[in-house]
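Just so it is clear, the values below take in all heavy atoms, side chains as well, and ignore hydrogens, waters and symmetry mates.
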Amino acid sequence: GNSVTQMEGPVTLSEEAFLTINCTYTATGYPSLFWYVQYPGEGLQLLLKATKADDKGSNKGFEATYRKETTSFHLEKGSVQVSDSAVYFCALSDQGGSEKLVFGKGTKLTVNP
Amino acid sequence: DAGITQSPRHKVTETGTPVTLRCHQTENHRYMYWYRQDPGHGLRLIHYSYGVKDTDKGEVSDGYSVSRSKTEDFLLTLESATSSQTSVYFCATNAGGTGTEAFFGQGTRLTVV
């Protein structure tokens, strides 16, 4: 079945550091790929997405590129801020039409001033 | 914001008692989902619905049932709560379509003692 493996962390960085969170997936066909973010005490919200190979999703300075050859969708940001502290989830949606999401286990990011 | 309201937000219940969690949406989205979030597991799909009275099982459906009698409401029932069902439960909705965004409620923290 479909699965997502992501770097579990926790990850602790200083403000303005470079961030990479690795995500790889296993799926049949061509799933859509997502990064969701969860701030403390809240539900998840979409950060960015890509729906086909070589697409780059971007939002709020974060980027991820859908790499079919390596089955990866790594999240990057060039300069993190304290406000980026959150839990980040990589996910894929199946192609059965129900848009069910399969999540990685999440990576907790803490950014110190 | 897709207008998703979960109730209750917190609940403590005793082992063996029935529990019902409610999810209400105001966006007329076709798909609704229940996920549980546990440390080390990320989010896992319990059940989902693809229309009124149309539901299907997810990855961790044992011990749970659902009902959707109206487009806007999706109920999750634990028939006889067990300690292993202590978790944070999230409802989500999706309008449907390839790569469409899922919108999440704020979660219900359930403790079974």
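- Contact tally against chain B (heavy-atom pairs below 4.5 Å) for Leu44(A), Leu46(A), Val4(A): the top residue is Leu44(A).
- Side-chain contact between Tyr88(A) and Val11(A) is absent, with no heavy atoms from C-beta onward closer than 4.5 Å.
- Residue contact with chain A, scored on non-hydrogen atoms closer than 4.5 Å, involves the side chain of Leu45(B) exclusively.
- Using a 30° and 60° split on the angle between ring planes, Tyr33(B) and Tyr31(B) fall in the parallel class, below 30°.
- The candidate from Gly97(B), Gly107(B), Gly105(B), Ala92(B) with the greatest count of non-hydrogen atom pairs under 4.5 Å with chain A is Gly97(B).
- Of the atoms belonging to Gln38(A), it is side-chain heavy atoms, and not backbone ones, that fall under 4.5 Å from chain B.
- Using modelled atom types, one finds a donor on one side chain and an acceptor on the other under 3.5 Å when comparing His24(B) with Asp73(B).
- Proximity of a side-chain donor or acceptor of Thr20(A) to a complementary backbone N or O of Glu76(A) within less than 3.5 Å is not detected.
- Panel note: side chain Arg30(B), backbone Tyr50(B); a donor-acceptor pair is recorded below 3.5 Å.
- Of the residues considered (Lys49(A), Lys100(A), Glu8(A)), Lys100(A) shows the highest number of contacts with chain B, using heavy-atom pairs under 4.5 Å.
- Here the side chain of Ser80(B) pairs no donor or acceptor atom with the backbone of Thr17(B) at under 3.5 angstrom.
- When each of Gly104(A), Gly41(A), Ser98(A) is scored by its heavy-atom pairs under 4.5 Å with chain B, the top score falls to Ser98(A).
- Using a 4.5 Å cut-off between heavy atoms, Gln37(B) contacts chain A through its side chain alone, with no backbone atom that close.
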